[in-house]
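Each remark here refers to the structure printed beneath this line.
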Amino acid sequence: MDSVVDEAAQALLQRVWNPPEFIRKAASQTLGIMVENVTPSRALTALMDSGIQYRHGLVRKCAAQHLLTVMEKIGAKKLAATPVRAERLLRLTAKLAQDCYKDTRYYGAKMLNLLMSHQKFNRLLEQFVSTHDL
C-alpha cells in the first residue's frame, strides 16, 4: 500500500466532499484505515501534499484530522529530525490554525501544541512563521 498511498489519499479526499453523507463518512473512515496501515512518514507526506492544499473546507478538515493522528503517532522528536519537513510542517499547521472553518482550526491548534512541545520547533516557529501569524 505504501507505493500507492499518494494516489489513494487523493482519490479518497476527493470523495470526502461528495454530497451524500454516507459516501463522505465512508471515505473518511477508509482514509483513517489507510493512515493506520501505512508507514507514518508516507501518510504524512500524502496528507500534506494532497489534503491540506485542497480548496474545499470539509476536505481540509478531514485531512487535518488524519494528519494530527499521524503526527501523534510519529511524535515531535522524530518530526523535528528533518529540518525541511519540520519547516514545511510548521507552515502548514500555522495555515490550518488560521483556517476559516472552526473544526480545521481546532486540529491545526492541536498540531501546533504537539509541535511546540519540542524546543526545536519553538525556534523554527519564530524563524519561519511571521509575527503577524503568531
Side-chain angles (χ1 to χ4, degrees):
M1 182 76 189
D2 277 0
S3 61
V4 294
V5 71
D6 294 326
E7 293 86 12
Q10 189 172 16
L12 288 169
L13 286 168
Q14 287 177 352
R15 299 292 174 241
V16 168
W17 61 271
N18 277 347
E21 185 71 26
F22 71 94
I23 292 176
R24 186 177 306 143
K25 285 182 181 181
S28 181
Q29 287 176 337
T30 306
L31 191 60
I33 292 168
M34 184 198 73
V35 163
E36 299 246 344
N37 292 303
V38 298
T39 309
S41 62
R42 294 285 299 173
L44 182 77
T45 304
L47 289 170
M48 287 190 330
D49 288 344
S50 57
I52 305 303
Q53 305 298 334
Y54 222 87
R55 294 180 73 187
H56 198 279
L58 287 173
V59 177
R60 285 194 312 272
K61 175 198 165 258
C62 180
Q65 177 183 10
H66 295 298
L67 186 63
L68 176 63
T69 304
V70 172
M71 288 172 63
E72 288 172 340
K73 186 186 287 188
I74 294 174
K77 186 176 181 180
K78 285 186 181 179
L79 289 171
T82 311
V84 174
R85 182 189 292 172
E87 175 188 346
R88 183 170 178 226
L89 199 55
L90 271 175
R91 291 178 192 261
L92 286 174
T93 54
K95 182 179 174 182
L96 287 173
Q98 298 176 13
D99 197 83
C100 60
Y101 290 98
K102 179 182 170 186
D103 294 335
T104 308
R105 282 195 311 266
Y106 169 77
Y107 291 117
K110 297 260 307 181
M111 285 184 237
L112 279 176
N113 285 336
L114 174 73
L115 295 177
M116 289 175 59
S117 67
H118 194 275
Q119 74 182 58
K120 185 176 182 179
F121 277 112
N122 280 331
R123 289 193 310 256
L124 290 173
L125 188 65
E126 293 170 358
Q127 184 178 3
F128 293 118
V129 180
S130 70
T131 56
H132 179 268
D133 291 341
L134 288 175

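- In this structure, Met116 is a member of the same hydrophobic cluster as Leu90, with clusters built from ILVMFWY side-chain heavy atoms closer than 4.5 Å.
- Contact annotation: the side chain of Lys78 never approaches that of Pro40 to less than 4.5 Å [non-hydrogen atoms, C-beta and beyond].
- Annotation for Ala86 and Leu79: closest pair CB-O, 3.8 Å, computed over non-hydrogen atoms.
- Going from atom CG of Leu96 over to atom CE of Met111 covers 5.0 Å, rounded to the nearest 0.5 Å.
- Shown here is Arg24, whose CZ atom has more than 12 heavy atoms of other residues, nucleotides or ligands within 6.0 Å.
- Between Leu114 and Thr93 the shortest side-chain heavy-atom distance does not fall below 4.5 Å.
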- [ ] For side-chain contact (heavy atoms from CB on, under 4.5 Å), just list the numbers for Arg91 and Glu87, CA-CA rounded to whole Å, side-chain angles, deciding distance to a tenth of an Å, and then say yes or no.
- [x] CA-CA 6 Å; Arg91 291 178 192 261; Glu87 175 188 346; 3.0 Å; yes

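- Between atom OG1 of residue Thr39 and atom NZ of residue Lys73 there is a gap of 9.5 Å, rounded to the nearest 0.5 Å.
- In the hydrophobic cluster analysis, where Ile, Leu, Val, Met, Phe, Trp and Tyr join through side-chain heavy atoms closer than 4.5 angstrom, Leu13 is grouped together with Trp17.
- The shortest side-chain heavy-atom distance between Met71 and Leu89 falls under the 4.5 Å cut-off.
- Note that the OG1 atom of Thr45 and the CE atom of Met48 stand 5.5 Å from one another [nearest 0.5 Å].
- If you take CE on Met34 and CZ on Arg42, they are separated by 10.0 Å, rounding to the nearest 0.5 Å.
- The minimum heavy-atom distance between Arg105 and Gln98, with the atom names listed, is CG-C, 4.1 Å.
- Residues Tyr101 and Val16 do not share a hydrophobic cluster, clusters being chains of Ile/Leu/Val/Met/Phe/Trp/Tyr side chains in contact below 4.5 Å.
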Between side-chain atoms of residues 59-68 and protein atoms elsewhere (two or more places apart, or another chain), which donor-acceptor pairs fall under 3.5 Å?
residue : atom : partner : partner atom : Å
Arg60   : NE   : Asp99   : OD1          : 2.7
Arg60   : NH1  : Tyr54   : O            : 3.1
Arg60   : NH1  : Arg55   : O            : 2.8
Arg60   : NH2  : Asp99   : OD1          : 3.2
Arg60   : NH2  : Asp99   : OD2          : 3.2
His66   : NE2  : Ser28   : O            : 3.2

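- Atom-to-atom distance recorded for Leu112:CG and Leu92:CG is 10.5 Å, nearest 0.5 angstrom.
- Between Leu47 and Leu31, the closest side-chain pair of non-hydrogen atoms falls below 4.5 Å.
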